[in-house]
Amino acid sequence: MHLLVTAGPTREHLDPVRFLSNRSTGKMGFALAAAAAEAGHAVTLVAGPVALDTPPGTTRVDVVSARDMLAAVQDWLPAADVLIMSAAVADWRPRRCAGIKLKKASMPATLELEPNPDILKTVAPLKGERLFVGFAAETGDPAPEARRKLAAKGLDLIVANDVSQTDAGFAVDTNRVVLIAADGTSQALPLMSKLDVARAIMRWCEERISYSAGTSTRQETGRSSPGAFR
Ligand code: C5P
């Protein structure tokens, strides 16, 4: 399989040194890329700004903003069998980005924002036979909101986690997730390392791909380089 994995936060600049972002460190997405590579799959890892080493055997594409990430996903999707969107994409960006550092005195007291594109929704028409996997980070019971996002974004699987817990979610090496599939099945995993969570997600993808390969005339994408899907 060829997996396209996004990881980390995005940064939405208001000038060259200031930006809006979030607490994502990219650990879950990098663990997914590492688990996929260790299982022998081809991996393209689209990474927002993070302080992590590139997992061996993966191709890394660095991006900054949500719009950069969308462009990279559109470039690489034709080559992919599976898209895993684990990035914490910033929902909003400043309406204007200054080319030079804004002087304190000239900064507005309020920021005008505009919405970023939803990457999963934007590429949904290009899904074809590919598997699309999303993440839902919620505070409190993540399942109801995750089910809503699974349907709204047309996903095959959503990985739901409660980010209000100190041992799961942002910036830690462990996670406690529930895998919720579009066919109605769900699997609550115990607290485990992000690498083991990633391996469980990989197994789900492998089983689903081999099942559909056996039951349909699935077209091979047969490509390993970016194509034009924009
Ligand atoms: O709507 P929410 O941000 O909670 O959805 C989370 C899922 O959607 C994640 O898989 C995330 O990577 C993806 N997402 C996206 N484009 C956005 C925001 C989130 O693809 N602009």
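All values below come from the heavy atoms of this structure, side chains included, with hydrogens, waters and symmetry mates left out. Remember, it's 1-based here, ligands and their atoms both numbered in the order they're listed.
- At least one heavy atom of Lys153 lies less than 4.0 angstrom from ligand 1.
- Electrostatic pairing of Glu206 and Arg203 does not count as a salt bridge here, judged by no charged N lying under 4.0 Å from a carboxylate O.
- Side chains of Arg11 and Ser21: a donor-acceptor N/O pair is absent below 3.5 angstrom, by distance only.
- Checked for salt-bridge contact, Asp196 and Lys194 miss the test: no charged N lies under 4.0 Å from a carboxylate O.
- For the pair Glu12 and Arg93, the salt-bridge criterion is not met [side-chain N within less than 4.0 Å of a carboxylate O].
- When Val89, Thr6, Val133 are ranked by how near their heavy atoms come to atom 17 (C) of ligand 1, first place goes to Val89.
- With 3.5 Å as the limit, one finds a donor-acceptor pair spanning the side chains of Thr44 and His2.
- Residue Gly134 has at least one heavy-atom neighbour below 4.0 Å for each of these atoms of ligand 1: 10 (O).
- Among Met69, Met85, Lys149, the residue whose heavy atom sits closest to atom 2 (P) of ligand 1 is Lys149.
- Every heavy atom of Asn116 sits 4.0 Å or more from the atoms of ligand 1.
- Taking the side chain as every heavy atom from C-beta outward, Asn161 and Val197 never approach each other to under 4.5 Å.
- In this structure, Ala87 counts as a contact residue of ligand 1, since one of its heavy atoms falls inside 4.0 Å of the ligand.
- Looking only at protein heavy atoms, the nearest one to atom 13 (C) of ligand 1 is Leu120 CD1, 3.7 Å.
- In this structure, the protein non-hydrogen atom closest to atom 7 (C) of ligand 1 is Phe135 O, 3.1 Å.
- Here atom 3 (O) of ligand 1 lies nearest to Asp91 when heavy atoms of Ile158, Leu83, Asp91 are compared.
- Salt bridge status for Arg208 with Asp156: absent, with no side-chain N to carboxylate O gap under 4.0 Å.
- At a cut-off of 3.5 Å, with distance as the only test, no side-chain donor of Ser24 or Asn22 sits close to an acceptor on the other residue.
- Of the candidates Ile119, Val73, Leu70, Ile119 brings a heavy atom nearest to atom 16 (N) of ligand 1.
- Residue contacts with ligand 1 include Pro117, since one or more of its heavy atoms lies under 4.0 Å from the ligand.
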